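All remarks here apply to the structure that follows.
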Amino acid sequence: MFDTLLIANRGEIACRVAATARRMGIRTVAVYSDADANARHVASCDQAVYIGGSEPRASYLRADAILRAARDTGAQAIHPGYGFLSENEDFAKAAADAGIAFVGPPASAIAAMGSKSAAKALMEKAGVPLVPGYHGDNQDPEFLKSQADAIGYPVLIKASAGGGGKGMRVVESSGAFLDALASCQREAASSFGDDRVLIERYLQKPRHIEIQVFADTQGNCVYLFERDCSVQRRHQKVIEEAPAPGMTEERRQAMGEAAVAAARAVGYVGAGTVEFIAEPDGRFYFMEMNTRLQVEHPVTEMITGHDLVEWQLRVAAGQPLPARQEDLRITGHAIEARIYAENPEKGFLPSIGTLAYLGLPAHTAFVNGDIRVDGGVRMGDTITPYYDPMIAKLIVHGADRDQARARMLQALAQTQAVGVQTNVAFLARLMKDSAFAAADLDTGLIERQRATLLPEPEAAGASVLALASAAVLVRQGLGAPGKGGTDPWDARDGWRLGGRYHRELQWVDNGTTRKALVARDGAAWTLDCGDGPQAFLWRAHASANPNLAYGLRITLNGHESAGTVVLHADRANVFTDAGSHMLELYDPLAHSQDTQGEHGGGLTAPMPGKIISISVKAGDTVEKGQPLLVMEAMKMEHTISAPAGGKVAEVFYAVGDQVTEGAELVAIGE
Ligand code: MV4
């Protein structure tokens, strides 16, 4: 086995590969770009080599820089991950020529599967079923039309050089064929520089079922069953699962054997995936072969109990496959969901920004376990426009599909990101969707269920407003997080005990202002969200990140609710089992003055620290820019000044108090 492995990738897959290498006692070398200087994958490896600028072609696509890094660090093998250079035959060959093992198939197998029409011809010879159609060299329009007429409509015209859904045209009738052909050829010529097409019978409700195969250099080749990846959006997979719902043992064996035949036909070595499309009756046809480890490989690991990266490394080191076909079994059901920094309400546009807060479910085990989290970013990391905006993959396992689905819903409820938009709520609706729940899967599911998967946003309910308001009160010291459960009347600022308290919070919910009036008379607290004052109690418990996140239980008018509230940049991000809600704290002062509006006009602690002096008291009149107090943080003093003139309503802390980031320090009124 190698003692040093270079991982020519970034993000979650680089971290994933590093984890197995470490377990196997292999030293790891990361490569990184400018944007990734502080990335998690760099920290996950034993050594890291800078390879260039943030744009992929200036770094992760530079074969020369990566090979040099491998030579300089004494790496005997390179794992390419997925994407970037993973299916680049020139890179595979250059590595082999340099005497470095490429953890992937031989360049010749990558090349054989690279051309869609040539691959189809090879597969036909190997007896792998293809969609009825024509994929020959004759490109005469009248000849192609006669082929389409013979296949029967609807037909699909596909660019031979295409892939990923580009350059495809559905043709409903013979009369529409020639126009569609001309338009498809134009698109193929401009997109791929190659106007050749192939014609296939069009499958109306296809399922995407792929088979994981593995081959070694001793001539062994096995299949590790199937994954159903039908739930996708514009050719981007959203949910993957294994096994495929409704699969029979006979069909599984037939598809597995066809996939092994496909791999053998191109002299395959290592991990590969043979993609099929399947009809509702189960008939299946070869689509293409992916000559790499895939994003969704963990669902296969969960149902088989085998670590596919370990298999890859063993095969690349010349060892035989760790198991024979008859040793492989399916246990239970696994589902993977890809958590993306994207905005489903805005056409799933990537959402760029810094992850001010990231809560993920607890990872119960690596290959075998109920919940697995494969992440590539940490709290504080930035989702940049340079790379795929995936935050993490959640992979769950259950005894059956319904249990896996329930676990996925739990895992999604524990996934809390602040600073970027995410698809978490969309994924939760998808898990509960009636068609998905019934395993009525095909590639059109998301489009068909669009209305229920992307509903109009709901107004925040009273419990959400109450949770957000309670977090603000806790931040002020009324029930301090981190001290265990504290009731409001145990607040450390005892000087307020027995007195009256009245505060109006204005929350902006999706553009609508929602008032929350918090009041106390003696020991009785009330909250009025517009329906009159209601009895209000809250309790904060310690949370993973006490500087930002408050774990809260509240009682409003006798109704209990619980959630996590992350206060960040004047926003309350409320996470409950029912989903998440973002509320903006409207500060009339900040908005009426020229304060640039940051951090509530500067009256909150910019970072955690200690109050070292206070120069004002309640009732004082202050001018804009007047120093109010000084805090010490990170060994430096920071002066908090009045963002606007006014009268000091309250000073919430005393000299010596520790304050958390974002804590409101002083209230100034008109
Ligand atoms: C098809 C098809 C229906 N009939 N071929 C899309 C991407 C490319 N790799 C193959 N694709 C399809 N080929 C025939 N004859 C429907 C699709 C298709 C699809 C396939 C797999 C996964 C998702 C898909 C989404 C839309 C269309």
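For reference, positions follow the sequence shown, starting with 1. First listed ligand is number 1; within each ligand, the first listed atom is number 1. All figures in this text were calculated on a predicted structure; none of them were measured in a lab.
- For Y202 and Y153, the ring centers sit 6.0 Å or farther from each other.
- Residue H235 has no nitrogen or oxygen atom sitting less than 3.5 Å from a nitrogen or oxygen atom of ligand 1, judged on distance alone.
- With sequence neighbours excluded, the residues forming a side chain to side chain donor-acceptor pair (under 3.5 Å) with D36 are R10, Y60, listed by chain and number.
- Ligand-side atoms of ligand 1 in range of V131: 15 (N), range being under 4.0 angstrom from any heavy atom.
- Crowding of K145 atom NZ: a count of heavy atoms from other residues, nucleotides or ligands under 6.0 Å exceeding 12.
- Within the 4.0 Å heavy-atom cutoff, M168 counts among the residues contacting ligand 1.
- Set against the non-hydrogen atoms of R201, the atoms of ligand 1 under 4.0 Å away are 4 (N), 14 (C), 15 (N).
- A ring-centre distance under 6.0 Å is found for Y134 and F143.
- Both the backbone and the side chain of L203 come within 4.0 Å of ligand 1, judged by heavy-atom distances.
- The shortest N or O to N or O distance between Y202 and ligand 1 is not under 3.5 Å.
- Using modelled atom types, one finds a donor on one side chain and an acceptor on the other under 3.5 Å when comparing E87 with T291.
- The closest approach between a heavy atom of K158 and any atom of ligand 1 is below 4.0 Å.
- Closest heavy-atom approach to atom 9 (N) of ligand 1 within the set E288, R234, M287: this belongs to E288.
- Among V155, L156, V170, the residue whose heavy atom lies nearest to atom 1 (C) of ligand 1 is L156.
- Within the structure, every pair that satisfies the salt bridge (charged side-chain N to carboxylate O under 4.0 Å, His left out) test and touches residues 265-279, not counting sequence neighbours, is listed here: R201-E279, E279-R283.
- Contact record, A8 with I78: CB-CG2, 3.8 Å, taken as the closest heavy-atom pair.
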